[in-house]
Amino acid sequence: MDGDWGLDAEDYIASIRAGAIDPYGRSAGELEDELAAFDRDWGERLAALTPDDLEAVVEGRMQVPPLPGPAESERAAWLRREEQFTGQIKALQAQRARLEARERELLAGRFQRVRDEGGEVVTALKEAASILAAELRQSDRGIEQRMVTAWQIVTELPAAHEAHKCGRISAGHLRVIEQATHPLRIDVDADPAERARVERELVAIAETTTPARLRSRSKRIVDQALTQPLQQRHRVAMERRDVWMVDAGDGMVDIGARVPAVVGAGIFDRLTQAARSKPKDDPRTWDQFRADAFCELLLTGQAPDDLHATNALTATIAITIPATELLREQGDPEPQLRFPALLDGKILVDPATVRTLAADTITWERLFTHPVTGLPVTVDTYTPSRAQRRWLRARDGRCRWPGCGNPVSRADLDHTIDHASGGPTSIENLAHLCRRHHVLKHSTRWSVRQLPDGVLEWTTPLGKAIRDEPEPQGPAFAERDPVWGLPVTAGTAPPGVPPF
């Protein structure tokens, strides 16, 4: 081991413990285990030598032979190569995070000096940014923004900055935390201790999940800490609605719009439904078809005179009820619950918008949740098969593959234990997987088992266990059966066929 590293193993482990990064991403504890195994192997090899062999080794006439044993299997060789590959990538990411954090500290420090020097801060900042931009051959406006953002992260999000610096979270996680906490950091009435608590909670989540899942979970956490209700913030944000166009090159442009979440989700869902109904011989992809439908609607469609009086959106409304509310006496005052809805399980929606959607919907589902965890407990049922589908849509909300954020409306119902292998068609053996991960589960060395409360425990081909827990869900748009008027999702009956 010492020969492999070129220095004393104990000193090397001490350097890793002090903050150095192993080229293969191994921790100090893993290296200590490896050193102990090396010592045991070396001792066994020496003990197996005869006196003559030992003398030959001492005189340098022979090498210590390895212990007899079975040759490395193809499976063991594959695991060793994969562990080395993932370890090296993890080490590179840790090194990158450390360099990015150091750069952030330097940029933040330069901005702090501008503030400390007094005078015209804006002009001094532009000057400092222009000097660095000239050296880096970059935009001075971009450098200025990076300096401001770096200072905000270092001073306002110290726990997140430190977690990224140590390699516990990625730059993607840090960006999500920075963006998600922005409303809380500019909330002048927010308690500083509450800001710090939210930051610590988001960092803890980031250490266990992907940036996409972190973004979804951060919405509720930050919203509960804000002093201004979502309804008021939504009215202010409505004033910033906008449409813009950016040259994308090659005779193309990007058109973007900032609109209310419900309207935007409805537009995208309508374009997706149009793409789903395109003829099978149409060579266009879904994205191409959506883009063409978008252009055709805007260029040839008739806009109503009063947009505010038009609401062409319908929704399936899930009424979320904490179970403890059922225990209240009739004379109790109305509880003031801060419980915003989620659109497609991802986007926070203000209560007024939910009430507007509720006025136009004919499909309601009562959803009772655990008062502490917020996880679904039960829903209204019709018949067993229909109840299973409704329960699982409420429980899962999205693809249950680790890190996947595809909504449940785009997922298949999968038997955790294959039906062909005797797996029952029961709540405890069903979960939603998007088509990509449905195929991946059955065609690769990944495995999964269901634990209580809807928790899935996945095992990677390298043997690492990853827990995926269901999250509380909100209202979601769904394609409707043209005859029965009920939502249609993957794995349910085709249009025109009753789901009972």
Side-chain angles (χ1 to χ4, degrees), residues 24-27 30 70-94 167-170 172-173 205-217 276 285-287 345-346 388-389 392-393 395-471 489-492:
Y24 291 94
R26 295 169 294 190
S27 66
E30 291 171 334
E72 185 179 40
S73 67
E74 182 178 347
R75 168 69 175 173
W78 180 85
L79 283 172
R80 176 176 51 78
R81 290 192 297 268
E82 289 301 308
E83 288 174 348
Q84 290 179 347
F85 167 72
T86 55
Q88 288 177 311
I89 295 298
K90 285 172 60 179
L92 288 173
Q93 286 196 340
R168 302 201 313 270
I169 65 175
S170 68
H173 291 104
I205 295 173
E207 292 175 354
T208 64
T209 190
T210 62
R213 292 279 180 86
L214 173 64
R215 182 178 293 107
S216 174
R217 296 178 64 177
R276 186 183 292 113
T285 66
W286 275 35
D287 288 335
K346 298 179 180 178
Q388 287 177 329
R389 290 195 295 270
L392 291 164
R393 286 201 304 272
R395 185 195 72 181
D396 293 343
R398 52 168 169 74
C399 170
R400 299 297 306 280
W401 184 273
C404 183
N406 282 327
V408 70
S409 57
R410 305 285 186 265
D412 303 329
L413 267 178
D414 170 69
H415 286 75
T416 303
I417 301 175
D418 292 348
H419 189 265
S421 301
T425 305
S426 64
I427 296 296
E428 295 78 11
N429 193 49
L430 291 171
H432 283 89
L433 295 176
C434 68
R435 185 56 55 86
R436 169 186 172 84
H437 293 131
H438 193 172
V439 173
L440 203 59
K441 169 184 175 285
H442 290 282
S443 59
T444 66
R445 285 174 272 206
W446 282 76
S447 62
V448 61
R449 66 187 183 114
Q450 288 215 31
L451 304 178
D453 299 324
V455 176
L456 298 188
E457 184 181 73
W458 293 85
T459 302
T460 74
L462 297 181
K464 180 181 179 181
I466 303 175
R467 287 168 60 93
D468 183 87
E469 300 179 359
E471 301 173 13
T489 58
T492 61

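Side chains included, hydrogens not; waters and symmetry mates left out as well; all remaining heavy atoms used. Keep in mind the model is a prediction, meaning the values are calculated, not measured.
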Participant: Taking only residues two or more places apart in sequence or in another chain, which ones pass side-chain contact (heavy atoms from CB on, under 4.5 Å) with H442?
Facilitator: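 Partners of H442 under the side-chain contact (heavy atoms from CB on, under 4.5 Å) test: D414, D418, H438.
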Participant: Specify the closest pair of heavy atoms between S73 and A76, including all atoms of both residues, with the distance to one decimal.
Facilitator: OG-N, 3.0 Å
Participant: Is it true that R80 and E82 have a side-chain N and a carboxylate O under 4.0 angstrom from each other?
Facilitator: no
Participant: Does T86 use its side chain to pair, donor to acceptor, with the backbone of E83 at less than 3.5 Å?
Facilitator: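 Looks like yes, one N/O pair under 3.5 Å.
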Participant: Is NZ or CZ of R436 both nearer than 6.0 Å to the six-membered ring centre of W401 and within 45° of the ring axis?
Facilitator: no
Participant: Between CZ of R215 and OG1 of T209, what distance do you get to the nearest 0.5 Å?
Facilitator: 11.5 Å
Participant: Looking at V408, L392, L433, which hits side chain to side chain contact (heavy atoms under 4.5 Å, CB included) with L413?
Facilitator: L392
Participant: Short question: side chain of T208, backbone of I205 - any donor-acceptor pair under 3.5 Å?
Facilitator: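 Checking the backbone N and O of I205 against the side chain of T208, a donor-acceptor pair under 3.5 Å is found.
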Participant: Would you compute the distance between atom CD of Q84 and atom CD1 of I89 and round it to the nearest 0.5 angstrom?
Facilitator: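 Here the interatomic distance stands at 12.5 Å.
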Participant: Which residue pairs pass the salt bridge (charged side-chain N to carboxylate O under 4.0 Å, His left out) test with at least one member in residues 455-464, sequence neighbours excluded?
Facilitator: R449-E457
Participant: Can you give me the closest heavy-atom contact between T444 and L440, atom names plus distance?
Facilitator: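 So the minimum-distance heavy-atom pair works out to OG1-O, 2.6 Å.
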Participant: How close do R75 and P461 get, counting heavy atoms only, and between which atoms?
Facilitator: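 Smallest interatomic distance, heavy atoms only, reads NH2-O, 3.2 Å.
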Participant: Quick check: does any side chain N or O of H173 sit under 3.5 Å from a backbone N or O of S170, one acting as donor and the other as acceptor?
Facilitator: yes
Participant: Please name the pair of heavy atoms, one in N429 and one in P424, separated by the smallest distance, quoted to 0.1 Å.
Facilitator: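 N429 and P424 have their closest heavy atoms at ND2-O, 2.8 Å.
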Participant: Would you check if R395 and R400 make a side-chain contact, meaning some heavy-atom pair closer than 4.5 Å?
Facilitator: yes
Participant: Does any part of the side chain of D412, heavy atoms only, come nearer than 4.5 Å to the side chain of R435, both counted from C-beta?
Facilitator: yes
Participant: Between L430 and T416, is a side-chain contact (heavy atoms from CB on, under 4.5 Å) present by the stated rule, with each step listed?
Facilitator: CA-CA 6 Å; L430 291 171; T416 303; over 6 Å; no
Participant: I'd like to know if D468 pairs up with R213 as an ion pair, taking the criterion as any Lys NZ or Arg NE/NH1/NH2 lying under 4.0 Å from an Asp or Glu carboxylate oxygen.
Facilitator: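 Yes, this pair counts.
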Participant: Would the distance check show the side chain of D396 and the main-chain N or O of H432 forming a donor-acceptor pair, the cut-off being under 3.5 Å?
Facilitator: yes
Participant: Is the shortest side-chain heavy-atom distance between T459 and V448 below 4.5 Å?
Facilitator: no
Participant: Can you name the nearest heavy-atom pair linking D453 to P470, along with the distance?
Facilitator: O-CG, 3.7 Å
Participant: Could you tell me which non-hydrogen atom of H437 sits nearest to which non-hydrogen atom of C399, and how far apart they are?
Facilitator: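 Shortest heavy-atom contact: ND1-SG, 3.7 Å.
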